[in-house]
A.B. asks: 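First the structure, which I've put down as structure tokens, then a few questions once you've had a look.
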Amino acid sequence: MSATIYDSKPLAARMTEELRAEAAQFRKHHQRPARLAQLVAGHDAAAEVYSRQLVRSCRAIGLDCATLAYPFEIEEEDLRVEVAALNDDANTDGVVLLLPLPAHIRQRIVTDVLRPEKDVDGLGSRNAGNLLLGFPSFIPSTADAMLAVLRDAGIAVDGGNAVIVGRSNIGGKPIALVLLRQDATVTICHSYTHDLASITRSADILVVSTGRPGSITADMVKPGAIVLDAGINTINGKVVGDIDFAGVKEVASFLTPVPGGLGPLTHLMLIRHTLLGPQ
Ligand SMILES: NC(=O)c1ccc[n+]([C@@H]2O[C@H](COP(=O)([O-])OP(=O)(O)OC[C@H]3O[C@@H](n4cnc5c(N)ncnc54)[C@H](OP(=O)(O)O)[C@@H]3O)[C@@H](O)[C@H]2O)c1
């Protein structure tokens with residue numbers, strides 16, 4: 001079997017057109033463009049790729065995108081104060097904190113300052129709690145992008161076995177909650193999982209968010225499975241996902257590539273949330 005490789009370009013183009021119209025509406029209504037601020041602390045190759053793409057997407061749609069870069073050594077309290085200032089800035093509509101943060105900074109301390117309506121990547125406790133409870137919230141952009149791909153490709157997951165590899169707050173956990181909301185039977189795996197391959201082979205839908213290139217190989221995938229790769233890794237200047245693409249495409253029935261799969265849609269989700277923010 002050779003998988004259908006999902007190309008997110010047509011969906012991204014349609015969403016871009018819709019968002020351009022919404023951004024123009026926003027400008028007319030507020031007499032200024034919508035503004036998304038992204039905060040970056042320290043250097044991380046994947047986060048920098050992500051950050052550059054987000055700036056490009058904002059420009060293409062007509063949003064201001066401010067990149068606020070801080071040294072790795074920034075103190076937790078100083079970063080918290082920066083976020084608090086953006087909360088009070090009437091001209092900033094969305095705030096994204098690029099991960100990973102330096103190890104000495106507790107994510108919760110920084111994200112929980114943020115008003116839920118500006119927390120466009122759904123990282124704070126209010127949005128995350130609402131997602132858990134099934135209440136309206138901003139869904140983290142990767143999970144939202146996954147949902148958009150499933151809808152666009154006409155893939156129903158209800159009743160199917162969904163296995164998520166990775167349990168981060170920005171990746172695996174919200175992806176699992178979104179799939180649960182779609183009535184999938186959900187299993188979350190992580191680095192302590194025994195016999196990972198036997199679990200991933202039970203997946204009708206397999207979503208991988210480990211941050212480890214090649215962490216899922218062909219022998220770990222059920223023939224005909226739907227496989228979504230949320231990874232963004234840079235190896236020798238080349239962007240790759242978390243699965244062994246060449247091997248897995250011979251076994252799966254549907255596969256999202258990296259680059260060109262979920263990634264470009266995640267930016268659009270952040271932009272969509274930003275345009276919804278200040279009501
Ligand atoms: N598409 C996007 O827009 C987007 C957005 C954000 C991140 N990403 C990408 O998504 C990937 C994951 O990011 P993240 O922030 O979720 O990473 P993270 O915080 O490092 O979490 C990785 C998760 O994977 C688990 N894991 C790692 N190696 C594993 C293995 N060999 N087998 C089973 N589980 C394993 C870890 O388990 P433990 O919990 O036990 O340590 C952890 O739960 C990265 O490539 C990142 O660049 C993409």
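Here the structure is a predicted model, which means the values were calculated and not measured. Atoms within each ligand, like the ligands themselves, are counted from 1 in listed order. In what follows, residues are counted from 1 in the order of the sequence shown.
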A.B. asks: Between R32 and D93, is a side chain to side chain contact (heavy atoms under 4.5 Å, CB included) present by the stated rule, with each step listed?
C.D. replies: CA-CA 11 Å; R32 63 169 179 85; D93 307 291; 2.8 Å; yes
A.B. asks: Start with the C-alpha gap between R14 and E17, add the side-chain angles, then the distance that decides, and say whether salt bridge (charged side-chain N to carboxylate O under 4.0 Å, His left out) holds.
C.D. replies: CA-CA 5 Å; R14 284 200 304 279; E17 279 315 305; over 6 Å; no
A.B. asks: Quick check on ligand 1: any N or O pairs to the protein under 3.5 Å? One line per pair.
C.D. replies:
from     : atom 1 : to   : atom 2 : distance (Å)
ligand 1 : 1 (N)  : A230 : O      : 3.3
ligand 1 : 3 (O)  : T266 : OG1    : 3.1
ligand 1 : 10 (O) : A230 : O      : 3.2
ligand 1 : 16 (O) : S168 : OG     : 2.5
ligand 1 : 16 (O) : S209 : OG     : 3.4
ligand 1 : 34 (N) : S191 : N      : 3.4
ligand 1 : 37 (O) : S191 : N      : 3.2
ligand 1 : 39 (O) : R167 : NE     : 2.7
ligand 1 : 40 (O) : R167 : NE     : 3.4
ligand 1 : 40 (O) : R167 : NH2    : 2.9
ligand 1 : 40 (O) : S191 : N      : 3.2
ligand 1 : 40 (O) : S191 : OG     : 2.5
ligand 1 : 43 (O) : R167 : N      : 2.8
ligand 1 : 45 (O) : I232 : N      : 2.9
ligand 1 : 45 (O) : I232 : O      : 3.3
ligand 1 : 45 (O) : N233 : OD1    : 3.3
ligand 1 : 47 (O) : I232 : O      : 2.9

A.B. asks: Any pair with a residue in residues 193-238 that passes ring-ring contact (aromatic ring centres under 6.0 Å, His included), sequence neighbours left out, goes on the list, sorted by first then second residue, please.
C.D. replies: none
A.B. asks: Ignoring hydrogens and geometry beyond distance, is a side-chain donor-acceptor pair present between Y6 and D152 at under 3.5 Å?
C.D. replies: yes
A.B. asks: Who pairs with R106 by side-chain hydrogen bond (donor to acceptor under 3.5 Å, both in side chains), at least two apart in sequence or on another chain?
C.D. replies: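 E76.
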A.B. asks: Who else is in I170's hydrophobic cluster (ILVMFWY, side-chain heavy atoms under 4.5 Å, direct or via others)?
C.D. replies: L39, L68, Y70, I74, L79, V83, L86, V95, L97, L99, L101, I105, V110, V113, L114, L123
